[in-house]
Amino acid sequence: MNTGPARGMRDFLPEDVRRRQYVIGVIADVYQKYGFEPLETPAVENLETLQGKYGEEGDRLIFKILKRGEGAETGQADLALRYDLTVPLARVIAEYRAKLPKFFKRYQVQPVWRADRPQKGRFREFYQCDVDAIGSTSMVVEAELLSAAADVFLALGFKEFQIVVNHRKLLNAVLDHAGVPAGLHGAALVIMDKADKIGVDGVRKELAEKGLPEGVAKTLREELASAPPPDLSAWMNQQASALNDEGKEGIEDLRQIVALCQSTSAGPHLALDRSLARGLSYYTGPIFEIRVADLAGSLGGGGRYDNLIGMFSGDNVPASGISLGLERILVVMGERDMFPAAVVSTPADVMVVQWFANRTNLYLSFATELRQAGLRVELYPDAPIEDGKKVGDKQFKYASARGIPFVVVIGADELAKGTVTVKNMKTGVQTAVPRAETVKWLNS
RNA sequence: GUGAGUGUAGCUCAGGGGUAGAGCGCCGGACUGUGGCUCCGGUGGUCGCGGGUUCAAAUCCCGUCACUCACCCCA
């Protein structure tokens, strides 16, 4: 019998859970500072809600659930595990628009599922930490989203990270300018997105395979090869003159984002990447990705999706958001040993030793006293067979292995004097303390 | 969906044709009313699973499953 979890899924032991809760706590705190409100949605959505939102590749990775009854035989599915948090949000907006504020800002930290093949930093069940702002087309939204994301990484102790931005409209304009037919925009975007991995020559080769003429590859290569200079504003002006109206809109949005971010935490980490494309098909405007050097994939990504909610409600509601990948953040933080010491250990503040097998109630009531005073107290469940004999072999070893900092003994001497002996497990120093002053002593 | 690598004790791994080894852990003991250090003793595995070659397979071959990594795509 295989006792491991299902492929791509993981069990989280206490130490893991503590780390996860720590990171989630930091993220939620930052998001709340920006006025985002919490939202939760079901793990399961109707299949039709999800299909057609993520692009061809994305749709393939949806975990489908067989229809009850006949589904077992026909293989027909009508439900699916949620694939991301953005599409369920769009559904919620379409459903509750009237009840929600004009500008709705929500954060959501929940697991999503993808029928992917696992590898480093990639799982079939993983948490996303999303922030989205609904109802405004202003680039202030983007600036705040990026600033919040930057604050999260700074609060977690990251110093070197990049917030990479680009714009779907700019990409479309560049593709048009290069002569890529509208039908091949998607394929060309995917190839451009890989530019950092396969290099400029690889891009040219793959474009040729798609049947795009040599001139296209040449133009795109030139676009890609031209890294934006430090003077972004001048560069953008120069670019804009060569592009159509759509491209100019993209440039203008990016210009605003860059300018607005200078007043936020995101500013120093912002970078333009003209080849950033992102796979999800629902993006319509600015797109972003958060990267660090030691991980191939991104730690987070997002963008503006002004038409997605309209796919549910009919009328378009502008929206933009960003999603942080909890698992990848944890992978990197684990490798770099970035967790505060307190997060990793101390399941209890103090352990009470059972010295006399026939005085368990004494130890229980003592533990109760300490707990009522606010301490986390563990009582060792087994008493020694003979009073006082071999007490420590098991009990002290257990406390030591669990990293419990203090152990309290009430043995014969202590009972006679009305004291307890407190042992500091780190230093090995033992102190006799009047029983009534134990809490005071431990807290000092 | 494609490709590569790895499956041997609870864990990390060695052994590359003659029926298994280390370190750590775990259990017991010495020393302390009592852990970490030291010392002594002990526990430990049909070598992922199935088949084949061979007098003989953990070892070679085929298949299968699992895990890991990379590609694709993504967080």
Side-chain angles (χ1 to χ4, degrees), chain A residues 1-10 27 54-62 83-86 109-130 149 186-187 189-191 193-194 197-198 202 206 276-281 287-292 295-303 321-332 351 353-356 380 384 386-416 421-430 432:
Chain A
M1 191 68 187
N2 172 23
T3 54
R7 162 183 300 223
M9 311 281 173
R10 289 157 306 150
I27 292 172
Y54 303 112
E56 201 181 323
E57 191 71 29
D59 279 4
R60 246 187 38 200
L61 299 178
I62 295 173
Y83 179 90
D84 71 353
L85 302 179
T86 306
V109 179
Q110 285 193 280
V112 303
W113 292 268
R114 296 185 188 176
D116 219 338
R117 198 132 150 200
Q119 63 190 64
K120 184 178 178 185
R122 162 188 278 178
F123 309 96
R124 290 181 141 188
E125 176 183 59
F126 61 97
Y127 272 67
Q128 288 195 323
C129 311
D130 279 33
L189 279 179
V190 168
I191 295 169
D193 195 36
K194 289 192 279 184
K197 285 177 196 154
I198 61 178
E206 292 204 18
L276 174 69
R278 302 198 44 80
L280 299 182
S281 55
I287 48 182
F288 359 96
E289 211 164 271
I290 295 158
R291 299 177 187 157
V292 290
L295 199 73
S298 60
L299 291 186
I322 191 159
S323 175
L324 303 185
L326 177 67
E327 323 301 334
R328 291 183 176 177
I329 292 172
L330 286 163
V331 164
V332 174
M351 189 186 90
V353 165
Q354 282 213 63
W355 193 274
F356 300 113
Y380 194 85
E386 245 180 284
D387 291 352
K389 276 269 180 190
K390 290 292 156 208
V391 166
D393 272 9
K394 293 238 162 39
Q395 307 203 32
F396 282 76
K397 195 168 185 178
Y398 174 81
S400 178
R402 295 207 67 199
I404 299 172
F406 292 98
V407 169
V408 177
V409 177
I410 306 178
D413 293 354
E414 289 83 357
L415 217 48
T421 296
V422 183
K423 176 163 185 169
N424 181 326
M425 293 299 282
K426 205 166 178 182
T427 61
V429 174
Q430 303 199 148

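Numbered from 1 within each chain, the chains take letters A, B, ... in sequence-line order.
- In the set B:A70, B:G33, B:U34, B:U34 carries the atom at the smallest distance from any side-chain atom of A:Phe396.
- Comparing the P positions of B:G16 and B:G10 gives an interatomic distance of 23 Å, to the nearest angstrom.
- Taking 4.5 Å as the limit, some side-chain heavy atom of A:Val409 sits within range of a side-chain heavy atom of A:Phe396.
- In this structure B:G23 sits in the anti conformation; its chi angle is more than 90° from 0.
- Across the protein-nucleic acid pair, A:Tyr398 atom OH and B:U34 atom C1' stand 17 Å apart, rounded to whole Å.
- Note: CG (A:Leu61) to P (B:G1) measures 11 Å, nearest angstrom.
- In this entry the distance linking CD of A:Gln119 with P of B:U2 reads 15 Å, nearest Å.
- A:Val407 comes within 4.0 angstrom of no nucleic acid atom, judged by non-hydrogen atoms across all strands.
- One finds no side-chain N or O of A:Lys397 lying less than 4.0 angstrom from the OP1 or OP2 phosphate oxygen of B:G25.
- Across the C1' atoms, B:A56 and B:C71 are found 43 Å apart, a figure rounded to whole Å.
- Checking side-chain atoms of A:Arg328 against main-chain N and O of A:Leu299 turns up no donor-acceptor pair under 3.5 Å.
- Among the atoms of the strands shown, none is found under 4.0 Å from any heavy atom of A:Glu125.
- Taking only side-chain nitrogens and oxygens, A:Arg278 comes nearer than 4.0 Å to OP1 or OP2 of B:A75.
- Between A:Gln395 atom CD and B:G36 atom P the separation is 15 Å, expressed in whole Å.
- Between the side chain of A:Gln430 and the base of B:G33 there is no donor-acceptor pair of N/O atoms closer than 3.5 Å.
- Side-chain N or O atoms of A:Gln354 include one that pairs as donor or acceptor with a backbone N or O of A:Tyr380 at under 3.5 Å.
- Nucleotide B:A75 holds its P atom 12 Å from the CD atom of A:Glu57, rounded to whole Å.
- Nearest-nucleotide mapping onto RNA chain B: of A:Leu299 and A:Arg60, the residue sitting toward the 5' end is A:Arg60.
- In this structure B:U54 sits in no base pair that meets the Watson-Crick or G-U test at under 3.5 Å.
- Atom C1' of B:G52 sits at a distance of 32 Å from the matching atom of B:A70, rounded to the whole Å.
- Judged by distance alone, with hydrogens and angles left aside, the side-chain atoms of A:Glu327 form a donor-acceptor pair with the main-chain N or O of A:Tyr127 at under 3.5 Å.
- For the P atom pair drawn from B:G5 and B:C62, the interatomic distance equals 12 Å after rounding to whole Å.
- Applying the Watson-Crick and G-U wobble criteria (two distances, each under 3.5 Å), B:G28 pairs with B:C40.
- The interatomic distance linking A:Ile404 (CD1) with B:U34 (P) rounds to 18 Å, in whole Å.
- Under the Watson-Crick or G-U wobble criterion, with both distances below 3.5 Å, B:G3 is paired with B:C69.
- A 3.5 Å limit on both hydrogen-bonding distances identifies no Watson-Crick or G-U partner for B:U19.
- A:Thr421 and A:Gln430 form no side-chain donor-acceptor contact under 3.5 Å, judged by distance and modelled atom types alone.
- Counting to the nearest Å, the P atom of B:C72 and the CZ atom of A:Arg122 are 10 Å from each other.
- Across B:U38 and B:C49, the matching P atoms stand 36 Å from one another, rounded to whole Å.
- Within the nucleic acid shown, A:Gly411 comes within 4.0 Å of at least one base atom, counting heavy atoms only.
- Rounded to whole Å, the distance from CZ on A:Arg124 to C1' on B:C73 is 14 Å.
- Closest to the side chain of A:Arg7, out of B:C67, B:U68, B:G36, is B:C67.
- The base of B:U68 is not paired with the side chain of A:Arg117 by any donor and acceptor separated by under 3.5 Å.
- A:Tyr83 has its side chain out of reach of A:Val112: every pair of non-hydrogen atoms, C-beta onward, lies at least 4.5 Å apart.
- Across the interface with RNA chain B, nearest-nucleotide mapping of A:Gly428 and A:Pro118 shows A:Gly428 to be the residue nearer the 5′ end.
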